[in-house]
Amino acid sequence: MALNTSLPGANTGRKMGMVCGTFAVAMGFGFFMQQQDASASRNASAPLETPVDADIAVASAFQIPEVAAEQEKVAAATPQLDAIPAVMPKAQLPAVQVQDTPPPAPEILPVATDPKVDAEIDPAGSDKALADAASCDPMLSARVRDAALVELSIAAACTGEADFTIHHEGMMFSGRTSTTGEATIIAPALSEKAAFILAFDDGFGAVVEADVPAVGEFDRVVLQWRGAGGFEIHAMEYGASYGEPGHVWHDAPRNASTAVTGEGGFLMMLGDGRVDAPRFAQVYTFPTNSAPKSGRVSLSVEAEITAANCSTDVEAQTLERHAAGTGVKIVDLMLSVPTCEAVGDFLVLKNILGDLTLSNS
(Lines give C-alpha, C1' and ligand atoms only; values in the text may rest on other atoms or scores of the structure.)
Protein backbone atom coordinates (compact mmCIF):
# COMPACT_ATOMS: atom_id res chain seq x y z
CA MET A 1 0.00 0.00 0.00
CA ALA A 2 1.47 3.39 -1.02
CA LEU A 3 1.47 6.32 1.38
CA ASN A 4 1.35 9.83 -0.16
CA THR A 5 3.31 12.51 1.70
CA SER A 6 4.41 16.07 1.00
CA LEU A 7 8.12 16.86 1.23
CA PRO A 8 9.64 20.26 2.03
CA GLY A 9 12.07 22.24 -0.06
CA ALA A 10 12.15 23.04 -3.76
CA ASN A 11 10.15 19.88 -4.50
CA THR A 12 7.08 21.01 -2.55
CA GLY A 13 3.95 19.98 -4.44
CA ARG A 14 5.42 16.70 -5.79
CA LYS A 15 3.39 13.89 -4.35
CA MET A 16 5.67 11.08 -3.26
CA GLY A 17 4.80 7.48 -2.57
CA MET A 18 6.98 5.37 -0.27
CA VAL A 19 6.85 2.03 -2.05
CA CYS A 20 7.22 -0.99 0.20
CA GLY A 21 5.73 -3.88 -1.74
CA THR A 22 4.92 -2.82 -5.27
CA PHE A 23 8.18 -3.88 -6.93
CA ALA A 24 10.09 -7.12 -7.35
CA VAL A 25 13.88 -7.33 -7.22
CA ALA A 26 15.97 -10.06 -8.81
CA MET A 27 19.75 -10.35 -8.67
CA GLY A 28 21.60 -10.72 -11.92
CA PHE A 29 25.20 -10.58 -13.01
CA GLY A 30 26.46 -9.66 -16.46
CA PHE A 31 24.60 -9.82 -19.70
CA PHE A 32 24.64 -11.82 -22.91
CA MET A 33 24.52 -10.43 -26.42
CA GLN A 34 24.83 -12.19 -29.71
CA GLN A 35 26.56 -10.25 -32.46
CA GLN A 36 26.65 -11.19 -35.96
CA ASP A 37 29.96 -11.26 -37.66
CA ALA A 38 29.37 -8.50 -40.20
CA SER A 39 32.12 -9.66 -42.54
CA ALA A 40 31.13 -13.36 -42.39
CA SER A 41 27.50 -12.58 -43.23
CA ARG A 42 28.58 -10.97 -46.50
CA ASN A 43 30.40 -14.12 -47.80
CA ALA A 44 28.22 -16.59 -49.68
CA SER A 45 28.84 -20.31 -49.22
CA ALA A 46 30.60 -22.09 -52.12
CA PRO A 47 28.20 -24.23 -54.22
CA LEU A 48 28.55 -28.00 -53.95
CA GLU A 49 29.88 -29.78 -57.04
CA THR A 50 28.17 -32.95 -58.31
CA PRO A 51 30.48 -35.55 -59.97
CA VAL A 52 29.91 -35.85 -63.74
CA ASP A 53 29.81 -39.66 -63.56
CA ALA A 54 26.98 -39.48 -61.09
CA ASP A 55 24.91 -37.34 -63.49
CA ILE A 56 25.43 -39.88 -66.31
CA ALA A 57 24.58 -42.82 -64.10
CA VAL A 58 21.35 -41.23 -62.98
CA ALA A 59 20.38 -40.16 -66.47
CA SER A 60 20.92 -43.65 -67.88
CA ALA A 61 18.68 -45.19 -65.25
CA PHE A 62 15.53 -43.67 -66.80
CA GLN A 63 13.93 -44.38 -70.21
CA ILE A 64 10.72 -42.99 -71.68
CA PRO A 65 8.32 -45.93 -72.58
CA GLU A 66 7.30 -44.50 -76.00
CA VAL A 67 10.94 -44.24 -77.09
CA ALA A 68 11.65 -47.82 -76.01
CA ALA A 69 8.73 -49.18 -78.08
CA GLU A 70 9.91 -47.28 -81.17
CA GLN A 71 13.42 -48.65 -80.73
CA GLU A 72 12.03 -52.23 -80.73
CA LYS A 73 10.21 -51.60 -84.04
CA VAL A 74 13.37 -50.26 -85.71
CA ALA A 75 15.39 -53.23 -84.46
CA ALA A 76 12.83 -55.70 -85.89
CA ALA A 77 12.86 -54.05 -89.35
CA THR A 78 16.67 -53.93 -89.60
CA PRO A 79 18.24 -56.93 -91.41
CA GLN A 80 20.66 -58.93 -89.31
CA LEU A 81 24.27 -58.83 -90.48
CA ASP A 82 26.54 -61.83 -90.27
CA ALA A 83 28.90 -61.79 -87.38
CA ILE A 84 32.11 -59.97 -88.16
CA PRO A 85 35.15 -62.16 -87.58
CA ALA A 86 37.23 -61.12 -84.61
CA VAL A 87 40.44 -61.20 -86.75
CA MET A 88 40.54 -59.91 -90.34
CA PRO A 89 42.63 -62.06 -92.79
CA LYS A 90 46.08 -60.65 -93.45
CA ALA A 91 45.47 -60.35 -97.18
CA GLN A 92 42.59 -57.97 -96.58
CA LEU A 93 44.62 -55.56 -94.41
CA PRO A 94 45.19 -52.24 -96.24
CA ALA A 95 48.75 -51.15 -97.00
CA VAL A 96 50.10 -48.45 -94.75
CA GLN A 97 52.32 -45.76 -96.28
CA VAL A 98 54.92 -44.07 -94.06
CA GLN A 99 55.57 -40.42 -94.81
CA ASP A 100 58.87 -38.77 -93.89
CA THR A 101 57.36 -35.26 -93.88
CA PRO A 102 55.48 -34.49 -90.66
CA PRO A 103 51.94 -33.23 -91.09
CA PRO A 104 51.46 -29.45 -90.95
CA ALA A 105 50.81 -27.94 -87.54
CA PRO A 106 47.18 -27.09 -86.90
CA GLU A 107 46.30 -23.45 -87.40
CA ILE A 108 45.60 -21.64 -84.13
CA LEU A 109 42.76 -19.18 -84.51
CA PRO A 110 42.38 -16.15 -82.21
CA VAL A 111 39.76 -16.56 -79.54
CA ALA A 112 37.08 -13.92 -79.53
CA THR A 113 36.75 -12.10 -76.20
CA ASP A 114 33.65 -10.62 -74.65
CA PRO A 115 34.42 -7.16 -73.25
CA LYS A 116 31.65 -7.56 -70.69
CA VAL A 117 33.22 -10.70 -69.28
CA ASP A 118 36.64 -9.04 -69.14
CA ALA A 119 35.16 -6.14 -67.21
CA GLU A 120 33.60 -8.48 -64.67
CA ILE A 121 36.88 -10.24 -63.91
CA ASP A 122 39.07 -7.16 -64.10
CA PRO A 123 41.30 -7.23 -60.99
CA ALA A 124 41.20 -3.46 -60.73
CA GLY A 125 37.41 -3.53 -60.67
CA SER A 126 37.41 -6.22 -57.99
CA ASP A 127 39.76 -4.20 -55.82
CA LYS A 128 37.53 -1.16 -56.18
CA ALA A 129 34.45 -3.17 -55.18
CA LEU A 130 36.25 -4.45 -52.09
CA ALA A 131 37.38 -0.92 -51.21
CA ASP A 132 33.83 0.41 -51.56
CA ALA A 133 32.52 -2.34 -49.29
CA ALA A 134 35.23 -1.66 -46.70
CA SER A 135 34.41 2.06 -46.67
CA CYS A 136 30.87 1.20 -45.54
CA ASP A 137 32.04 -0.69 -42.43
CA PRO A 138 31.19 1.29 -39.27
CA MET A 139 34.15 2.56 -37.25
CA LEU A 140 34.23 3.19 -33.48
CA SER A 141 37.07 5.05 -31.75
CA ALA A 142 37.59 6.02 -28.10
CA ARG A 143 39.40 8.79 -26.23
CA VAL A 144 39.74 8.77 -22.45
CA ARG A 145 38.67 11.95 -20.67
CA ASP A 146 38.61 13.20 -17.08
CA ALA A 147 36.46 11.60 -14.35
CA ALA A 148 36.86 8.11 -15.92
CA LEU A 149 34.78 9.11 -18.94
CA VAL A 150 35.30 7.93 -22.52
CA GLU A 151 34.50 9.90 -25.66
CA LEU A 152 33.15 7.54 -28.33
CA SER A 153 33.26 8.63 -31.99
CA ILE A 154 31.15 6.77 -34.56
CA ALA A 155 31.82 6.96 -38.30
CA ALA A 156 29.48 5.00 -40.58
CA ALA A 157 29.39 6.70 -43.98
CA CYS A 158 26.79 4.30 -45.40
CA THR A 159 24.56 4.33 -42.30
CA GLY A 160 23.13 7.83 -42.03
CA GLU A 161 20.31 8.50 -39.54
CA ALA A 162 20.53 4.94 -38.27
CA ASP A 163 19.59 3.72 -34.79
CA PHE A 164 22.20 1.98 -32.64
CA THR A 165 22.83 0.74 -29.09
CA ILE A 166 25.99 1.11 -27.02
CA HIS A 167 26.82 -1.83 -24.71
CA HIS A 168 29.35 -1.69 -21.88
CA GLU A 169 29.56 -4.03 -18.86
CA GLY A 170 25.77 -4.53 -18.91
CA MET A 171 24.99 -0.84 -19.42
CA MET A 172 22.92 -0.14 -22.57
CA PHE A 173 21.64 3.06 -24.14
CA SER A 174 20.37 4.11 -27.56
CA GLY A 175 21.55 6.63 -30.12
CA ARG A 176 21.15 7.73 -33.72
CA THR A 177 23.73 8.80 -36.29
CA SER A 178 23.61 12.05 -38.22
CA THR A 179 22.74 12.28 -41.90
CA THR A 180 26.44 11.65 -42.63
CA GLY A 181 26.56 8.58 -40.38
CA GLU A 182 28.46 10.20 -37.49
CA ALA A 183 27.88 10.51 -33.75
CA THR A 184 29.90 11.50 -30.67
CA ILE A 185 28.98 10.28 -27.18
CA ILE A 186 30.51 10.77 -23.74
CA ALA A 187 30.04 7.56 -21.75
CA PRO A 188 31.14 6.54 -18.23
CA ALA A 189 33.56 3.65 -17.89
CA LEU A 190 32.68 0.81 -15.53
CA SER A 191 35.98 -1.08 -15.78
CA GLU A 192 39.67 -0.30 -16.22
CA LYS A 193 39.78 -2.28 -19.47
CA ALA A 194 36.65 -0.66 -20.87
CA ALA A 195 35.25 -2.40 -23.97
CA PHE A 196 32.42 -0.59 -25.75
CA ILE A 197 30.27 -2.33 -28.36
CA LEU A 198 28.43 -0.44 -31.10
CA ALA A 199 25.44 -2.41 -32.46
CA PHE A 200 23.27 -1.11 -35.30
CA ASP A 201 19.73 -2.40 -35.73
CA ASP A 202 20.72 -4.10 -39.02
CA GLY A 203 23.22 -6.33 -37.20
CA PHE A 204 26.44 -4.51 -38.12
CA GLY A 205 28.64 -2.81 -35.55
CA ALA A 206 32.10 -2.30 -34.11
CA VAL A 207 34.08 -2.72 -30.88
CA VAL A 208 36.68 -0.52 -29.19
CA GLU A 209 38.62 -0.85 -25.94
CA ALA A 210 40.10 1.89 -23.77
CA ASP A 211 42.37 1.80 -20.72
CA VAL A 212 40.71 3.79 -17.92
CA PRO A 213 42.80 3.31 -14.76
CA ALA A 214 41.07 6.26 -13.03
CA VAL A 215 37.81 4.29 -12.75
CA GLY A 216 39.02 3.03 -9.37
CA GLU A 217 38.84 6.57 -7.95
CA PHE A 218 35.05 6.81 -8.21
CA ASP A 219 31.84 5.21 -7.04
CA ARG A 220 29.47 4.88 -9.96
CA VAL A 221 25.82 3.75 -10.08
CA VAL A 222 23.62 3.31 -13.16
CA LEU A 223 19.83 3.24 -13.48
CA GLN A 224 18.64 2.08 -16.91
CA TRP A 225 15.29 1.25 -18.50
CA ARG A 226 13.60 0.91 -21.85
CA GLY A 227 10.73 3.06 -23.16
CA ALA A 228 8.60 5.35 -21.00
CA GLY A 229 9.75 4.28 -17.56
CA GLY A 230 10.00 7.74 -16.04
CA PHE A 231 12.80 6.72 -13.64
CA GLU A 232 15.22 9.06 -11.87
CA ILE A 233 18.24 8.80 -9.56
CA HIS A 234 18.31 11.16 -6.57
CA ALA A 235 21.56 11.59 -4.62
CA MET A 236 21.52 13.43 -1.28
CA GLU A 237 25.12 14.30 -0.44
CA TYR A 238 26.10 14.90 3.20
CA GLY A 239 22.52 14.93 4.47
CA ALA A 240 21.13 17.38 1.90
CA SER A 241 17.36 17.68 1.45
CA TYR A 242 15.32 18.20 -1.73
CA GLY A 243 16.33 21.36 -3.53
CA GLU A 244 19.47 22.01 -1.49
CA PRO A 245 22.94 22.29 -3.09
CA GLY A 246 23.82 18.69 -2.18
CA HIS A 247 20.74 17.30 -3.95
CA VAL A 248 21.93 15.89 -7.32
CA TRP A 249 19.26 14.77 -9.80
CA HIS A 250 17.92 15.34 -13.32
CA ASP A 251 17.21 19.06 -12.81
CA ALA A 252 20.49 19.67 -10.94
CA PRO A 253 23.00 17.28 -12.55
CA ARG A 254 26.25 19.26 -12.14
CA ASN A 255 29.15 18.22 -14.44
CA ALA A 256 32.33 16.18 -14.46
CA SER A 257 34.50 19.04 -13.21
CA THR A 258 32.74 18.81 -9.83
CA ALA A 259 34.02 15.26 -9.44
CA VAL A 260 37.49 16.02 -10.80
CA THR A 261 38.02 18.69 -8.12
CA GLY A 262 36.60 16.40 -5.45
CA GLU A 263 33.74 18.77 -4.54
CA GLY A 264 30.95 16.27 -5.15
CA GLY A 265 29.20 13.99 -7.58
CA PHE A 266 27.49 14.56 -10.92
CA LEU A 267 24.74 12.92 -12.97
CA MET A 268 24.73 11.96 -16.66
CA MET A 269 21.70 11.24 -18.86
CA LEU A 270 22.24 8.82 -21.77
CA GLY A 271 19.89 7.73 -24.55
CA ASP A 272 18.04 9.15 -27.57
CA GLY A 273 14.25 9.39 -27.45
CA ARG A 274 13.95 9.47 -31.27
CA VAL A 275 14.77 5.77 -31.45
CA ASP A 276 12.01 3.15 -31.55
CA ALA A 277 11.76 1.59 -28.06
CA PRO A 278 14.74 3.65 -26.83
CA ARG A 279 17.04 2.63 -23.99
CA PHE A 280 17.88 5.26 -21.38
CA ALA A 281 20.43 5.37 -18.58
CA GLN A 282 21.18 7.77 -15.73
CA VAL A 283 24.65 7.51 -14.19
CA TYR A 284 25.70 9.06 -10.88
CA THR A 285 29.42 9.40 -10.16
CA PHE A 286 31.05 10.42 -6.88
CA PRO A 287 34.81 10.96 -6.30
CA THR A 288 35.05 8.62 -3.32
CA ASN A 289 38.84 8.56 -3.02
CA SER A 290 39.07 12.36 -3.02
CA ALA A 291 36.02 13.16 -0.88
CA PRO A 292 36.58 16.46 0.96
CA LYS A 293 35.11 15.15 4.21
CA SER A 294 33.58 12.11 5.85
CA GLY A 295 29.86 11.58 5.49
CA ARG A 296 27.22 9.75 3.55
CA VAL A 297 25.50 9.96 0.18
CA SER A 298 21.91 8.65 0.29
CA LEU A 299 20.73 7.24 -3.04
CA SER A 300 17.14 6.56 -4.07
CA VAL A 301 15.21 5.73 -7.26
CA GLU A 302 12.04 7.61 -8.14
CA ALA A 303 9.48 6.91 -10.85
CA GLU A 304 7.06 9.51 -12.13
CA ILE A 305 3.53 8.29 -12.89
CA THR A 306 2.74 9.43 -16.43
CA ALA A 307 0.05 8.77 -19.02
CA ALA A 308 2.57 6.52 -20.83
CA ASN A 309 3.31 4.19 -17.88
CA CYS A 310 0.25 4.33 -15.59
CA SER A 311 -1.53 1.03 -14.89
CA THR A 312 1.41 -0.93 -16.36
CA ASP A 313 4.39 -2.93 -15.14
CA VAL A 314 7.69 -1.25 -15.99
CA GLU A 315 11.13 -2.81 -15.78
CA ALA A 316 14.47 -1.28 -14.93
CA GLN A 317 17.99 -2.27 -13.92
CA THR A 318 20.59 -0.88 -11.55
CA LEU A 319 24.34 -1.34 -11.92
CA GLU A 320 26.83 -0.46 -9.19
CA ARG A 321 30.59 -0.18 -9.52
CA HIS A 322 32.35 0.90 -6.30
CA ALA A 323 35.86 2.26 -5.93
CA ALA A 324 36.66 -0.22 -3.16
CA GLY A 325 35.68 -3.29 -5.16
CA THR A 326 35.86 -4.88 -8.58
CA GLY A 327 33.17 -5.91 -10.99
CA VAL A 328 29.65 -4.61 -11.54
CA LYS A 329 26.65 -5.57 -9.40
CA ILE A 330 23.41 -5.77 -11.40
CA VAL A 331 19.88 -5.77 -9.95
CA ASP A 332 16.68 -6.19 -12.01
CA LEU A 333 13.58 -4.23 -10.98
CA MET A 334 9.91 -4.58 -11.88
CA LEU A 335 7.48 -1.89 -10.72
CA SER A 336 3.68 -2.01 -10.83
CA VAL A 337 2.68 1.58 -11.60
CA PRO A 338 -0.61 2.78 -10.04
CA THR A 339 -3.67 3.70 -12.08
CA CYS A 340 -3.82 6.74 -14.31
CA GLU A 341 -5.71 8.71 -11.66
CA ALA A 342 -2.30 9.22 -10.01
CA VAL A 343 -0.63 10.80 -13.06
CA GLY A 344 1.82 13.46 -11.85
CA ASP A 345 2.68 11.68 -8.60
CA PHE A 346 6.08 10.13 -7.87
CA LEU A 347 6.98 6.78 -6.38
CA VAL A 348 10.11 6.62 -4.21
CA LEU A 349 11.95 3.30 -4.15
CA LYS A 350 14.13 3.12 -1.07
CA ASN A 351 17.04 0.72 -0.50
CA ILE A 352 17.41 -0.12 -4.20
CA LEU A 353 20.80 1.56 -4.45
CA GLY A 354 23.24 1.22 -1.59
CA ASP A 355 24.19 4.44 0.18
CA LEU A 356 27.80 5.60 -0.09
CA THR A 357 29.85 5.93 3.08
CA LEU A 358 32.60 8.51 2.68
CA SER A 359 35.81 8.85 4.66
CA ASN A 360 38.56 11.40 4.04
CA SER A 361 41.09 9.52 6.18
Side-chain angles (χ1 to χ4, degrees), residues 23-36 140 142 144-145 147-152 154 163-175 183 185-201 203 205-227 229-233 235 265-272 275 277-286 288 299-301 303 313-335 349 351-356:
F23 61 90
V25 180
M27 298 297 294
F29 295 89
F31 75 100
F32 176 79
M33 184 194 76
Q34 292 181 339
Q35 171 142 8
Q36 295 179 342
L140 179 64
V144 179
R145 300 184 58 172
L149 300 178
V150 178
E151 179 181 319
L152 300 174
I154 300 171
D163 297 345
F164 62 84
T165 302
I166 297 293
H167 299 257
H168 169 58
E169 295 290 340
M171 179 176 65
M172 295 173 283
F173 57 90
S174 302
I185 299 169
I186 305 298
L190 298 177
S191 60
E192 293 187 3
K193 294 291 185 180
F196 291 88
I197 300 173
L198 165 68
F200 283 100
D201 288 352
V207 180
V208 69
E209 185 177 276
D211 291 327
V212 193
V215 74
E217 301 293 320
F218 303 90
D219 275 319
R220 187 158 272 166
V221 296
V222 181
L223 173 66
Q224 62 183 18
W225 66 93
R226 189 169 188 173
F231 291 99
E232 296 177 351
I233 290 179
F266 70 99
L267 187 71
M268 299 180 65
M269 277 70 69
L270 303 171
D272 193 327
V275 177
R279 294 183 180 273
F280 298 100
Q282 286 192 359
V283 185
Y284 174 73
T285 300
F286 190 89
T288 307
L299 297 171
S300 64
V301 174
D313 292 337
V314 294
E315 298 180 0
Q317 237 180 13
T318 62
L319 295 81
E320 299 181 48
R321 204 282 182 190
H322 297 290
T326 58
V328 177
K329 174 186 175 184
I330 301 177
V331 177
D332 296 323
L333 308 176
M334 179 173 288
L335 174 66
L349 311 181
N351 302 321
I352 299 300
L353 296 171
D355 292 346
L356 307 180

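Remember, predicted model here, so these are calculated numbers, not experimental data.
Annotation for Trp225 and Gln282: closest pair CH2-CG, 4.2 Å, computed over non-hydrogen atoms. Closest non-hydrogen pair, Phe286 versus Gly265, comes out as CD1-N, 3.5 Å. Here the closest heavy-atom approach between residue Val222 and residue Ala281 is recorded as CG1-CB, 4.2 Å. Residues Leu319 and Gly170 approach most closely at CD2-C, 3.6 Å, considering heavy atoms. In this structure, Ala189 and Val215 approach most closely via the heavy-atom pair O-CG2, 3.4 Å. Residue Val144 comes nearest to Asp211 through the heavy atom pair CG2-O, 3.4 Å, listed as atom of the first residue, atom of the second, then distance.
How far CZ of Phe200 is from OG1 of Thr165: 10.0 Å, rounded to the nearest 0.5 Å. Note that CG of Leu190 and CZ of Phe196 are 7.0 Å apart. Values are rounded to the nearest 0.5 Å. Here the OH atom belonging to Tyr284 is positioned 9.5 Å from the CD1 atom belonging to Ile233, to the nearest 0.5 angstrom. To the nearest 0.5 Å, atoms CG (Leu267) and OG1 (Thr285) are separated by 8.5 Å.
A distance-only check finds no donor-acceptor pair linking the side chain of His167 to the backbone of Leu198 [under 3.5 Å]. A donor-acceptor pair under 3.5 Å is absent between the side-chain atoms of Arg321 and the main chain of Ser191, judged by distance alone. No donor-acceptor pair under 3.5 Å is formed between the side chain of Gln317 and the backbone N or O of Ile330. Side-chain N or O atoms of Arg220 include one that pairs as donor or acceptor with a backbone N or O of Ala148 at under 3.5 Å.
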Carefully, step by step, assess Glu315 and Arg226 under the rule side-chain contact (heavy atoms from CB on, under 4.5 Å). CA-CA 8 Å; Glu315 298 180 0; Arg226 189 169 188 173; over 6 Å; no
Before giving the answer on side-chain contact (heavy atoms from CB on, under 4.5 Å), spell out for Phe231 and Leu333 the whole-Å C-alpha distance, their side-chain angles and the decisive distance to 0.1 Å. CA-CA 11 Å; Phe231 291 99; Leu333 308 176; 5.5 Å; no
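Counted by atom type alone, Arg279 and Ser174 present zero donor-acceptor pairs between their side chains at under 3.5 Å.
With a 4.5 Å cut-off on side-chain heavy atoms, Met171 and Val328 do not count as touching. Within the 4.5 Å cutoff, the side chain of His168 has no heavy atoms near those of the Ile197 side chain. You'll find the side chain of Phe173 reaches within 4.5 Å of the side chain of Ile185, heavy atoms only. Under the 4.5 Å side-chain criterion, counting only non-hydrogen atoms from C-beta, Leu140 is not in contact with Phe164. Val301 places a side-chain heavy atom less than 4.5 Å from the side chain of Leu353.
With a 6.0 Å radius and a threshold of 12 heavy atoms from other residues, nucleotides or ligands, Asn351 has its CG atom at or below the threshold.
If you run side-chain contact (heavy atoms from CB on, under 4.5 Å) between Leu299 and each of Val221, Ile352, Thr318, only Val221 comes through.
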